[in-house]
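To start, the structure under review is shown below, and the notes come after it.
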Amino acid sequence: FFLMIRRPPRSTQSRSSAASDVYKRQEQDLNELAQQLLNFQQDGLTWNTDYKILEVAYGIQKLQIGVVVEDEKVSVDELIDTLQDNHSEVIQNIDIVLFLSLIH
């Protein structure tokens, strides 16, 4: 006798993980900026709440923050454009430093 056990079907939903460096304008507090970014919500978007503030050079700092997106719902490029447009007074630039495609 053979007993067959069926696994539930796996989700074929593809997701991507990205880590970005966020450069500030002038005297912006990076912890405050991180909280503003973490408060931005969108369907298919999950922020990594463990962000880092890193020294660049000569007292200049940058914010490094990660995000996981559902590819069908969120474009990382469009997300960066939206964040830069919505926070143009405090964000100078956002660079993607790591991008991984995840398939579950």
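Being a predicted model, the structure only gives us computed values, none of them experimental.
For the pair V69/V76, a side-chain contact is recorded, criterion being any heavy-atom separation below 4.5 Å from C-beta on. Residues V22 and Y51 fail the side-chain proximity criterion, which asks for heavy atoms closer than 4.5 Å. D95 places a side-chain heavy atom less than 4.5 Å from the side chain of N93.
Of all heavy-atom pairs between L45 and V74, the closest is N-CG2, 4.2 Å. A pairwise comparison of heavy atoms in I94 and Q84 identifies N-NE2, 3.3 Å as the closest pair. Across all their heavy atoms, R25 and E89 have their closest contact at CD-O, 3.6 Å. Nearest approach of L33 to Q28, heavy atoms of both residues: N-NE2, 3.9 Å. Considering every non-hydrogen atom in both Q61 and E55, the closest pair reads NE2-OE2, 2.8 Å. What you find for T49 and L38 is that their closest heavy atoms are CA-CD2, 4.3 Å.
To the nearest 0.5 Å, atoms CZ (F99) and OG (S20) are separated by 10.0 Å. Taken to the nearest 0.5 Å, the CG atom of N31 stands 11.5 Å off from the CD atom of Q36. For the atom pair CG (L100) and CZ (R15), the distance works out to 12.0 Å, reported to the nearest 0.5 Å. One distance of note links CD1 of I96 with CG of L98; it measures 9.5 Å at 0.5 Å rounding. Interatomic distance, L37 CG to E32 CD, rounded to the nearest 0.5 Å: 11.0 Å. In this structure, NZ in K62 is found 11.5 Å from CG in L30, a value given to the nearest 0.5 Å.
Clustering ILVMFWY residues whenever any of their side-chain heavy atoms sit less than 4.5 angstrom apart, transitively, puts V90 in the very cluster that holds L79. Under a hydrophobic clustering in which Ile, Leu, Val, Met, Phe, Trp and Tyr are joined whenever their side-chain heavy atoms come within less than 4.5 Å, directly or via other members, V97 and I65 fall into different clusters.
No donor-acceptor distance shorter than 3.5 angstrom exists from the side chain of W47 to the backbone of Q41, with no hydrogens or angles considered.
More than 12 non-hydrogen atoms from other residues, nucleotides or ligands lie less than 6.0 angstrom from CD of Q92.
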Stepwise, does the side chain to side chain contact (heavy atoms under 4.5 Å, CB included) test hold for L83 with F40?
-> CA-CA 9 Å; L83 293 173; F40 181 82; 3.9 Å; yes
